[in-house]
Amino acid sequence: MDLQEIRKQLDVIDREILQLYEKRMDLSRDVAAYKMSVGKPVYDGERERQKLETVENMAQEDYRQGAGELFAQLMTIGRRLQYRLLAEHGQAPDTGFARIDRIPTEGARVVYQGVEGAYSHQASMEYFGEDGDLFHVKTWEEAMRAVEEGRADYGVLPIENSSAGAVSDNYDLLIKYHNYIVAEIFLPVKHALLGVPGGSLEQIHRVFSHPQALMQCSEYLNSHGEWSQISVENTAVAAKKVLEERDPSQAAVASEAAARLYGLQILRSGINHNKDNVTRFIVVSREKVYRKDAGKISLCFELPHRSGTLYNMLSNFIYNNVNMRMIQSRPIPGRNWEYRFFVDIEGRLDEPAVTNALKGVSEEAANLRILGNY
């Protein structure tokens with residue numbers, strides 16, 4: 001058959017498909033109206049599974065998988081339409097978050113992990129001011145617990161580094177504790193090698209720092225194969241250890257601010273291989289609030305361990321034209337090969353497109369948690 005003739009026939013079929021698609025969406029509106037009247041949820045996983053199985057069995061063998069994918073998409077689009085219609089009729093999910101003009105920081109008590117001179121300390125001063133009421137604890141978990149228990153109004157924790165990636169343990173803490181992200185801080189990171197006053201590079205045998213800092217400086221540190229690299233709680237703890245032990249064979253990877261604070265000598269500055277290294281810190285509160293000019297939402301959900309579930313979940317954002325900024329996965333403890341997904345999207349919780357997307361996610365995912373809007 002001539003190619004032009006084939007294309008003409010395809011055009012005819014496409015118009016017929018489009019007409020049938022519009023009829024199907026009209027019926028989806030009727031389904032939404034019925035479900036609103038009886039309070040029935042939009043998503044019926046078992047009904048969709050049966051429908052897909054029936055369609056695939058009706059198709060010719062060569063086309064079964066494609067037919068299943070096509071009808072899965074049609075049902076997904078129909079669900080998105082129904083979610084939108086429900087939201088327009090006041091059946092949007094109640095997130096429990098309150099919108100406020102600004103995050104109150106006057107007189108706030110702020111906790112961070114580490115000691116003075118740590119990057120978390122610098123990030124805390126960046127957001128709350130050098131005269132802020134700051135105190136430190138030994139671990140990130142202690143910081144999260146202090147906020148949840150009310151001993152601190154806010155906590156400052158690192159969540160992501162531009163060269164070393166996510167701080168995975170802190171993602172887990174966002175699930176373990178009922179605190180919410182209210183702000184973020186981007187802190188440029190410039191690591192230096194610090195030693196005792198009067199020391200030299202030739203004397204170094206052991207280097208102490210946080211594992212992330214050691215990773216960020218691995219190119220320089222690994223070029224000195226004679227040095228042992230030893231992990232400690234954070235960079236400022238490493239600097240303090242070098243100061244207290246006064247051993248010229250020991251050095252710390254920490255900030256130049258830590259060198260000034262502890263009176264250490266900068267043996268080599270700027271040793272991180274990514275010179276544009278930035279760490280993103282989050283500010284958490286036990287209050288479920290967001291600023292009226294917030295532009296990013298962090299959320300977490302779990303999915304069944306089946307093919308296509310993540311794609312179907314993310315299509316809630318695609319359909320509502322909501323841009324996704326980040327996705328991370330973490331294994332769920334005690335459930336082999338099942339994962340919890342952390343997602344950042346653009347928008348504000350009171351925007352219709354976001355509301356519609358979250359309605360779909362809340363019905364189709366397990367254990368949806370909104371971690372903050374900031």
Path from Ile297 to Ile181 over hydrophobic side-chain contacts below 4.5 Å: no
Salt-bridge present (Glu364, Arg80; N to O < 4.0 Å): yes
Cluster overlap Val196 with Tyr262, hydrophobic side-chain contacts below 4.5 Å: yes
Ring geometry between Trp227 and His224 (parallel below 30°, tilted from 30 to 60°, perpendicular above 60°): parallel
Tyr43 and Glu48: side chain donor to acceptor below 3.5 Å: no
Cys300 and Arg340, any side-chain heavy atoms less than 4.5 Å apart: yes
Backbone N/O of Val147 and side chain of Arg286: donor-acceptor pair under 3.5 Å: yes
Asp131 atom CG, over 12 foreign heavy atoms within 6.0 Å: no
Contacts of Ala183 that satisfy side chain to side chain contact (heavy atoms under 4.5 Å, CB included) - sequence neighbours left out: Tyr127, Val283
Intermediate values then yes/no, salt bridge (charged side-chain N to carboxylate O under 4.0 Å, His left out), Asp44 and Arg79: CA-CA 10 Å; Asp44 185 343; Arg79 282 202 310 276; over 6 Å; no
Within 6.0 angstrom of Glu130 CD, more than 12 heavy atoms from elsewhere: no
Pairwise distance CG(Leu174) to OG(Ser298) - rounded to 0.5 angstrom: 8.0 Å
Set of salt bridge (charged side-chain N to carboxylate O under 4.0 Å, His left out) partners for Lys292, sequence neighbours left out: Asp101
Ile271 side, atom CD1; Arg268 side, atom CZ - distance, nearest 0.5 Å: 8.5 Å
Lys/Arg-Asp/Glu bridge criterion (N-O < 4.0 Å) met for Asp293, Arg348: no
Gln113 and Glu142 side chains, donor-acceptor separation under 3.5 Å: no
Spatial distance of atom CD (Glu56) from atom OH (Tyr63) [nearest 0.5 Å]: 16.0 Å
